[in-house]
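Heavy-atom basis, side chains included; hydrogens, waters and symmetry copies ignored. Both counts, for ligands and for their atoms, begin at 1 and track the order of listing. Every value quoted in this text rests on a predicted model; they were computed, and no experiment measured them.
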Amino acid sequence: MRKYVILGVQGSGKGTQASMLAEDLDLVHIAVGDSFRWNVQHHTKLGAQVRRTMAAGLLIGDELVEGVVRQRLADHDWNYGFIIDGFPRNERQAEFFLESYDIDGVIHLDLPDSEVRRRVLARRLCSGCGMDYNLLANSPKEAGKCDACGASLVTREDDTEDALAVRLREYHEKTNPVLGIFRRKEYVVTVDARPDCEIVQQEIRKQLDLPPYTG
Ligand SMILES: [Zn+2]
């Protein structure tokens with residue numbers, strides 16, 4: 001049984017790394033954002049609370065987040081373990097998590113802010129079909145036009161320098177104390193998230209004493 005937490009800023013490839021690890025080791029990849037959506041879509045009691053909170057324009061509180069995580073982990077569909085992504089987001093949630101589950105490791109994907117900026121500001125969205133592009137990795141055949149439908153590519157409203165600076169500041173303010181709590185328990189492995197995803201995956205495994213990634 002292996003239980004991991006993965007932490008990383010937007011653009012660090014957190015979802016990709018979690019999926020690669022989960023698929024190969026038969027872990028359940030728990031993306032907390034997806035669990036929220038699942039509860040809302042399936043009209044559960046927790047989903048109703050989430051919907052009411054959001055309709056009132058309020059932030060989803062720690063108790064509700066913990067409720068969703070607790071319920072998701074109570075499903076016990078994780079025979080070989082899990083990797084959780086998108087949680088904990090603050091000190092309180094980290095304390096709750098440590099009290100409730102004995103974890104094996106925390107993977108911290110480290111990406112300098114300058115690289116986050118480069119990656120995030122290269123994102124484009126098709127104004128026609130909604131397909132995602134990243135000008136660094138998969139630019140369209142014809143500049144500024146969607147390969148699939150030919151509509152023009154646009155930048156997401158919240159992918160501006162200013163908005164990103166705010167998100168980065170918030171991320172560090174919240175994540176540093178969480179990392180501090182996990183570091184005191186000696187759970188954290190920090191991996192440089194700049195190289196290609198296979199290289200990052202190998203490094204994660206090396207640091208966690210896991211078998212190498214074979215694709
Ligand atoms: Zn399109």
Give every donor-acceptor pair under 3.5 Å between a side-chain atom in residues 207-215 and any protein atom, sequence neighbours left out.
residue	atom	partner	partner atom	Å
Gln207	NE2	Thr190	O	3.0
Gln207	NE2	Glu203	OE2	3.2

Steps toward side-chain contact (heavy atoms from CB on, under 4.5 Å) verdict (Leu164, Gln10): CA-CA 10 Å; Leu164 184 59; Gln10 106 181 102; 3.5 Å; yes
By side chain to side chain donor-acceptor pair (under 3.5 Å) - contacts of Asn138 (at least two apart): none
Ser19 OG to Asp85 CG distance, which is reported to the nearest 0.5 Å: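 That separation rounds to 8.0 Å.
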Distance (rounded to the nearest 0.5 Å) between Ile204 CD1 and Ile107 CD1: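 If we round to the nearest 0.5 Å, Ile204:CD1 and Ile107:CD1 are 5.0 Å apart.
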Set of ring-ring contact (aromatic ring centres under 6.0 Å, His included) partners for Tyr101, sequence neighbours left out: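 Testing Tyr101 for ring-ring contact (aromatic ring centres under 6.0 Å, His included), a comparison that skips the adjacent residues, returns Phe97.
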Atoms of type N/O/S from protein, distance to the Zn ion (ligand 1) below 2.8 Å: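 That number is 4, waters not included.
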